Amino acid sequence: MTAIFANHALVATGWAQNVRITLDQGCITGVTPNSKAAPGDTRVDCLLPALANLHSHSFQRAMAGMTEYRMAGRDSFWTWRDLMYRFTTHLSPDQIEAIAALVFLEMQEAGYASVGEFHYLHHQPDGTRYESLSELSERIMAAANTTGIGLTHLPVLYSYAGVGKQPLEAGQSRFGNDVAQFCQLVDQAKSNITALPADCRVGIAPHSLRATAPDDLAQVLAVHGQGPVHIHIAEQPKEVAEVQAGMGARPVEWLLHNAPVDQNWCLIHATHMTEAETRDMARSGAVAGLCPITEANLGDGPFNGPSYLQAGGAFGVGSDSNVLISLTEELRTLEYSQRLRDLSRNVMVLKEGSVGQALYTGAARGGAQALGRAAGEITIGQLADLVAVDSQHPSLCALKPDQLLDGLVFAAKDHVVTDLWSAGRHAVEAGRHKARDQIIAKYRQAMEQLLAAL
């Protein structure tokens, strides 16, 4: 058993002072405010429940900065996607593992204790299977094992290039599986995940309504739909139009009427919804997987936040393309996107109250739900997904405890993070990941090889 002593902590009942928290086998076993530190306790300043990063394509981190050059004509999500497809043809298994390890390290140093890896690189560049069907899933798991991050691995079903079972394009060769092969892949991933800590798990990710089909989706859900189910939905107007033309309904509308969407589901982006879809999605119990930095970078548009909150919807945040991994910036961009659209301030909160605390605690609960983790609050029985921040940092030192989350979200950067635990694994100390040097060395070596091939 280990223990953490915090000068102040945000526990399930609110802010508390001089809190001693005991941990055993990755879980919180005791929360005692107004206590005293014991010899051997890890002492921190301000302790918070750590967030889950609910949506990541880790390999895209290595192309950050490569797509910000304007070409002739109008750039869009779709022109970015073409560049991303070309990039994937050069990635080896060793490089994919090295990139993922760096990404997971950066997430933990930013304050994320866990990640939902939406993993759709499955095969060799020409579509040929590796000797082990789950070779690249195993590389993601190896990266999670190296960093200690809590992993919800989400193998992606990607069978078609568009609605109506259009055949895959050349750039999608590494992604493709039919239902039978996909189920085999998921079975292998579930077997492999047992080598990781017990908080790690496998879900599934039908990529989108464009990349699967109603009969395929029903088959996969019948076999593997009991755990987390993540899906891209309504990210772009072109996608909405294609699904409506080919399937007779808008994407969110179709999904809610034709799939068993409930608390196990995470609908990624859901950017383009009607008011009715927004309310119905909120009432389904699913989590909205919001990726504000990527959605801004790709020109997706803002989420319909106020209506969704009013209907009681759950949400979490993810770093998606990983063009910038920053927990504080993700939450900040979520709120600012709403302000820019509505010409208003302090939008993502119900009634009166702290916007920073509403954003942070809402994302903590929703992210944990989306990843199937018993986390999101500092309370007995939950996983010890915890993050410590320095409230004496110049960006926070003038604030009262009940203003700290406003300061964290709107005024601070991630370097205020001092410590992070993923299910009790103390991965970050004094702002640095314990394996930082070796992970960065391997990443640089992998990038030298990659750049030589580009």
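Only a predicted model underlies this, so the values are computations on that prediction, with no experimental measurement involved. Sequence positions, counted from 1, serve as the residue numbers for this chain.
Judged by distance alone, the side chain of T274 and the main-chain N or O of E277 form a donor-acceptor pair under 3.5 Å. Remark: side-chain polar atoms of Q403 are not paired, donor with acceptor, to backbone N or O of L399 under 3.5 angstrom. In this structure a side-chain-to-backbone donor-acceptor pair under 3.5 Å is present from T294 to S321.
Within the 4.5 Å cutoff, the side chain of R20 has no heavy atoms near those of the K36 side chain. A 4.5 Å side-chain heavy-atom check between C46 and N7 finds every atom pair outside the cut-off. Side-chain atoms of R279 and E275, non-hydrogen and from C-beta on, do get closer than 4.5 Å to each other. A 4.5 Å side-chain heavy-atom check between N192 and S137 finds every atom pair outside the cut-off. A 4.5 Å side-chain heavy-atom check between L47 and V19 finds every atom pair outside the cut-off. With contacts defined as side-chain heavy-atom distances shorter than 4.5 Å, the pair T379/V31 does not qualify. When side chains are defined from C-beta on, V186 does not count as touching V220, because their heavy atoms never get closer than 4.5 Å. Put simply, the side chain of D385 does not reach to within 4.5 Å of the side chain of D199, judged on heavy atoms.
A salt bridge links K434 to E429: one of the charged nitrogens lies within less than 4.0 Å of a carboxylate oxygen. Ion pairing between a basic and an acidic side chain is recognised when a charged N comes within 4.0 Å of a carboxylate O; R43 and D419 show no such pairing. With respect to R139 and E135, a salt bridge is recorded, a charged nitrogen being found less than 4.0 Å from a carboxylate O.
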Decide yes or no on side-chain contact (heavy atoms from CB on, under 4.5 Å) for H122 and Y158, but give the supporting numbers first. CA-CA 10 Å; H122 300 307; Y158 202 123; 6.0 Å; no

As a quick check of understanding, evaluate salt bridge (charged side-chain N to carboxylate O under 4.0 Å, His left out) for D406 and K400, giving each step before the final call. CA-CA 10 Å; D406 289 322; K400 300 173 183 177; over 6 Å; no

Step by step, would you call L331 with V317 a side-chain contact (heavy atoms from CB on, under 4.5 Å)? CA-CA 7 Å; L331 295 173; V317 295; 4.0 Å; yes

Is there a side chain to side chain donor-acceptor pair (under 3.5 Å) between N304 and T278? Walk through the geometry before answering. CA-CA 7 Å; N304 191 1; T278 302; 3.2 Å; yes

Working note: S56 + E117, criterion side chain to side chain donor-acceptor pair (under 3.5 Å); need CA distance, chi angles, decisive distance, verdict. CA-CA 5 Å; S56 164; E117 182 63 19; 2.9 Å; yes

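Between the side chains of N34 and N18, no donor-acceptor pair of N or O atoms lies under 3.5 Å. If you check the side chains of Q108 and S422, you find a donor sitting under 3.5 Å from an acceptor. Side-chain atoms of T271 and H269 include no donor-acceptor pair closer than 3.5 Å. Side-chain contact annotation: E138 with S134, donor-acceptor N/O pair under 3.5 Å present.
Closest non-hydrogen pair, R432 versus D437, comes out as NH2-OD1, 3.0 Å. Residues A446 and Q95 share a closest heavy-atom pair of O-NE2, 3.6 Å. In terms of heavy atoms, L327 sits closest to A110 at CB-O, 3.5 Å. The minimum heavy-atom distance linking A50 with G111 is given by the pair CB-O, 3.7 Å. The shortest non-hydrogen separation linking P206 to V229 is CD-CG1, 3.9 Å.
Proximity of the aromatic rings of F118 and H230 is defined here by a centroid distance below 6.0 angstrom, and this criterion is not met. Aromatic ring centroids of H153 and H119 lie under 6.0 Å apart. Y308 has its ring centre less than 6.0 Å from the ring centre of F303.
Sequence neighbours left out, not one pair with a member in residues 346-375 passes ring-ring contact (aromatic ring centres under 6.0 Å, His included).
With a 6.0 Å cutoff to the six-membered ring centre and a 45° limit on the axis angle, R174 does not count as a cation-pi contact of F59.
Considering CG of L290 and CD of E330, their distance stands at 9.0 Å, rounded to 0.5 Å.
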